[in-house]
Number of protein chains: 2
Amino acid sequence: MITKTKLNRKQQIIDKATQLFQQQGYAATSMRDLAGYIGIEAASLYSHIKSKEEILQTICFQMANDFFQSLEKIELEKLSADEKLKKAVISHVQVLTKDSAASAVFFSEWRHLSDSYLKDFLAMRNNYENKFIQILIDGHKEGTFKKMDAKFTVLALLSSINWMPSWYKPEGKLTPEEIAENVTDVFINGLKIRS
Amino acid sequence: MITKTKLNRKQQIIDKATQLFQQQGYAATSMRDLAGYIGIEAASLYSHIKSKEEILQTICFQMANDFFQSLEKIELEKLSADEKLKKAVISHVQVLTKDSAASAVFFSEWRHLSDSYLKDFLAMRNNYENKFIQILIDGHKEGTFKKMDAKFTVLALLSSINWMPSWYKPEGKLTPEEIAENVTDVFINGLKIRS
DNA sequence: CCTACCGATCGGTAGG
DNA sequence: CCTACCGATCGGTAGG
């Protein structure tokens, strides 16, 4: 009972913090702000969390894991590079849209992590990007994709997707698949050798 | 003489603030931090600037103006939509790379502007995006570009470019023209109706 | 441009 | 989960 209440409260704190970090930024959000929205005193937050930064760590590494796992599943499949790229983008968009507030925090507040966590975080991000880069390189070897700067293209691709939650509000909501379809249509059809 | 010293000092303050805002974020940068790097006391900053936010305003609206003016010049030219898009992207990348620190602050710290400035800022940004959207719509009317969600595509395009300074460090530095060439090659060749 | 200082607010702890 | 409180730091002003 106590444990269940605690877990719920902890999740409630993290969820509200995610929302506030997204709206105001990590540094500009105070623990008193956060406590006020929850309806308790600031000091009481520390019964559930160790520190302000622990909340940020939870958000960032949860998202990093989600992105990572979704991509690892696709890597194992036997697919051509362009099919793999499309699936990877769909999967990326799915994770992104499942919790767009947490994603926004993940993408723009990670630099406030302390050194050791920052190191791990950047290593994971690099690793993730490299998997995409490999797909493009494979695609070139297979004769499907043009010769290009794969890193440049991957970062352009991921950037164009990642910032969508904060810029693009479609009236009729698009599904992750439709969003991914739009993005990959532009990118893949631009990358494919015209036959 | 006094005036000249003051102007130089003011610019020095803004330049250093730009660098710190980019690295640590606006909220996490203190006036004492900033003063320390300049080599004066925090209180002395206020002989040159009115407030911390004034610095952010200066950075954001300077960049907004630069982007805006560069695009307005191109709008007046008589060009086909795909040529115009390419020129607009080159121009955008030129402004972006001329001061990448200020650009980074412009793109990620604008939300810390107070309400009335924020309103102006968002109006300008919207206006800027609409000019790009119009180019894509014109391109569709001219029969050069596919049917598409123009807003979606513009935001994807601008996002992929805008976040490049923070993600992509080419060993041999690319010129703005080469960067724009890479980006528009992917986008335009993806957008063009294949004949 | 500095010294001296202001009130406000920060993240967090002690003890219950 | 609260009261009471800590030392540190914040943006900024007064007066020279």
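Naming: A, B, ... by sequence-line order, numbering from 1 per chain.
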Closest-nucleotide ordering on DNA chain D, the 5'-leading residue of A/Arg32 and B/Ala28: A/Arg32
Spacing of A/Glu41 atom CD relative to C/dG16 atom C1', expressed in whole Å: 15 Å
Rounded distance in Å - CG (B/Leu20) to P (D/dG11): 12 Å
Within the 6.0 Å centroid threshold, strictly below: A/Phe106 and A/Phe21: no
Rounded interatomic separation in angstrom, taking OH from B/Tyr46 and P from D/dC10: 11 Å
OP1 or OP2 of D/dC1 under 4.0 Å from side-chain N/O of A/Ser47: no
Watson-Crick or G-U wobble partner of D/dG15, both distances under 3.5 Å: C/dC2
A/Asn8 CG - D/dC1 P separation (whole Å): 11 Å
Ring centres under 6.0 angstrom apart (B/Tyr117, B/His112): no
Passing option when A/Thr29 is tested against A/Lys16, A/Gln24, A/Gln23 for side chain to side chain donor-acceptor pair (under 3.5 Å): A/Gln24
Residue pair B/Ser70 / B/Ser91, side-chain donor-acceptor N/O under 3.5 Å: yes
Distance, rounded to the nearest Å, where A/His112 contributes NE2 and C/dG11 contributes P: 12 Å
Closest non-hydrogen atom pair between A/Tyr46 and A/Ser51, with its separation: CE2-CA, 4.1 Å
Side-chain N or O of A/Ser44 closer than 4.0 Å to phosphate OP1/OP2 of D/dC2: yes
Closest to the A/Ala43 side chain, choosing from D/dC1, D/dT3, C/dG11: D/dT3
Distance test, side-chain N/O of A/Ser30 to OP1/OP2 of C/dC10, below 4.0 Å: yes
Nucleotide of C/dC1, D/dT13, D/dG11 approaching B/Ile40 most closely (side-chain heavy atoms): C/dC1
Spacing between B/Leu45 atom CG and D/dC10 atom C1', to the nearest angstrom: 14 Å
Nearest-angstrom distance from the residue atom CZ of B/Phe21 to C1' of D/dG11: 12 Å
